Amino acid sequence: MEDLFKKLISHSKEYGFIFQSSEIYDGLSAVYDYGQYGAALKNNIRDYWWKAMTQLNEEVVGIDSAIFMHPMVWKASGHVDAFNDPLIDNKDSKKRYRADVLIEEHIEKMQQKINKEVEKARKRFGDAFDEKQFCETNPRVLKYSEKIKDVTEKMVDYLDNNKLDDLKILIEEEGIVCPISGSRNWTDVRQFNLMFDTKLGSLAEGSNTIYLRPETAQGIFVNYLNVQKTGRMKLPFGIAQTGKAFRNEIVARQFIFRMREFEQMEMQYFVKPGTEKEWFELWRERRMNWHNSFGFDANKFRWHKHDKLAHYANAAYDIEFEFPFGFKELEGIHSRTDFDLKQHQEFSGKKLQFFDLEAGESYVPYVVETSIGLDRTFLMILTAAYCEETVGNEERVVLKIPAPIAPIKAAIMPLVKKDGLPEIAREIINELKFDLTCQYDEKDSIGRRYRRQDAIGTPFCITVDHQTIEDKTVTIRYRDSMEQERIPIEKVSKIVREKADIRNLLKKL
Ligand code: ATP
């Protein structure tokens, strides 16, 4: 899997998807630029999310709030006081870690040991195997399960109550070692605020520190009333937005999985208090459907229920994806109660309520949130789409990106650079380009051109050859099956448009 991760990173660079930021100056840590195909793919993913949210749901509307916000926003939201990660350094390797992540990885290792025991027993007992009974009685499994429970409870308690000394003792007691140095020579655990600050010129002296937003959600909360009133929205209704967020991450070593500047796609769904659990379940289902609509292996996605609920949440689940470095969070679905609106109401002194005509009363709505990283979704798609295949005695690398979000939809290729074939290819592009992103490619052998298009995930290659001059037909080659078909030129646009239509994904939701 580590090998796959390295391949994804070098493929992304070689084929113009992702570059290290400021590379000619040796790069900036955990900041990345999207290249020509990366930007196109990212736009397509965002567009699909946006349509799934705002176009398919009449009651969900989209906004675009500013990155800079009044400093009080982050006081009210709790980010100034509590948007911290507990960090710990290994004195030998000089590497820095998040203390909670070290412990979670230790728990995951114990879980894997349990899984191994279960698999061994399943093989031994065959059809008669009862997994539940085995887990409840096998002494080794019981020992690990109890340990997991104990360590998890301690971790949650120490994190919740800011017991940093105890967190360090837990790491030591559990014998957790630094993956680089292998030593247990740890510093104390310290809290580190993840928000970037900067100065805004026009504010009065002393109060001119503002923050780069660490999430897009607060821009939605502070606009709740604006949207509700101007859109004459009734509960339940949602506000969606996509945009940049910034976090000074302590550990940022996983390519675009954890960046210091990244993009989020968030939706806050405002509901009547007491109904939030129902909506929470509905949005969980809807979001998992969205992920499954790409058609990748469903086993690569799983639910993770939060053991440690944030103080304002009454339910929280993550959708995890099996990245090359293991199952990790891709999206969070949270039932956030009325915490945020109430906080902003208190700090701003403005009422942020909803007048419920039927009930004849005003109240602060509850909120169900779906929050996903666009860059992590990009990495998910790259991971799931990347395939190495042997064709004859050649290897091909192909990105099996679903056609509706592929960066380039069709490549148009004259078989040779003469005999009027390039002109016909250009004519075809001139027709297609109003609906689809196309690429003209006449260089190298046709086989090499196919490989190039496979590597960037182009689902359709249209080849113009000498028969085209005679009977106005071309070949269309399908990326995944590599099958080729002869079709009339006049049908190219219809076929490609139909197969690459975003409706194909939206209709699955
Ligand atoms: P993690 O535990 O991985 O730090 P989080 O729980 O802090 O993530 P949220 O605050 O719930 O993340 O943010 C919502 C989503 O934003 C995440 O599910 C993830 O997809 C994305 N995200 C968060 N931090 C980053 C980051 N540093 N780089 C890229 N995407 C991120």
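Side-chain atoms are counted along with the backbone in the values below, which use heavy atoms only and exclude waters and symmetry mates. In this text, all values refer to a predicted model and were calculated from it rather than measured experimentally. Start at 1 and go down the list; that is how both ligands and their atoms are numbered. One is the number of the first residue; the rest follow in order along the sequence.
- Here is the list of ligand 1 atoms found below 4.0 Å of a heavy atom in Arg98: 4 (O).
- Close contacts between ligand 1 and Met259 involve ligand atoms 26 (C), 27 (N), 28 (N), 29 (C) [criterion: under 4.0 Å to a heavy atom].
- Below 4.0 Å from some heavy atom of Arg258 lie the following atoms of ligand 1, by number and element: 1 (P), 3 (O), 4 (O), 26 (C), 27 (N), 28 (N).
- Using modelled atom types and a 3.5 Å distance limit, the side chains of Asn90 and Ser181 yield a donor-acceptor pair.
- Of all the atoms in ligand 1, the ones that sit under 4.0 Å from a non-hydrogen atom of Ser371 are 13 (O), 14 (C), 15 (C), 18 (O).
- Below 30°, between 30° and 60°, or above 60°: for Phe17 and Phe378 the angle between ring planes is above 60°, a perpendicular geometry.
- Between His79 and Tyr211, the ring center distance fails the sub-6.0 Å criterion.
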Practice task
Could you please spell out the steps behind the side chain to side chain donor-acceptor pair (under 3.5 Å) verdict for Gln439 and Gln453?
Solution key: CA-CA 9 Å; Gln439 199 168 74; Gln453 295 301 330; 2.9 Å; yes
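- In this structure, Leu330 has a heavy atom closer than 4.0 Å to ligand 1.
- Not a single N or O atom of Asp375, backbone or side chain, sits closer than 3.5 Å to an N or O atom of ligand 1.
- By the 4.0 Å heavy-atom criterion, Gln264 is counted among the residues contacting ligand 1.
- Classified by interplanar angle (parallel below 30°, tilted 30° to 60°, perpendicular above 60°), the ring pair Phe294/Tyr48 is perpendicular.
- Ring to ring, Phe237 and Tyr269 are not that close: their centroids are 6.0 angstrom or more apart.
- Listed by number with element, the atoms of ligand 1 under 4.0 angstrom from any heavy atom of Glu249 are 24 (N), 26 (C), 27 (N).
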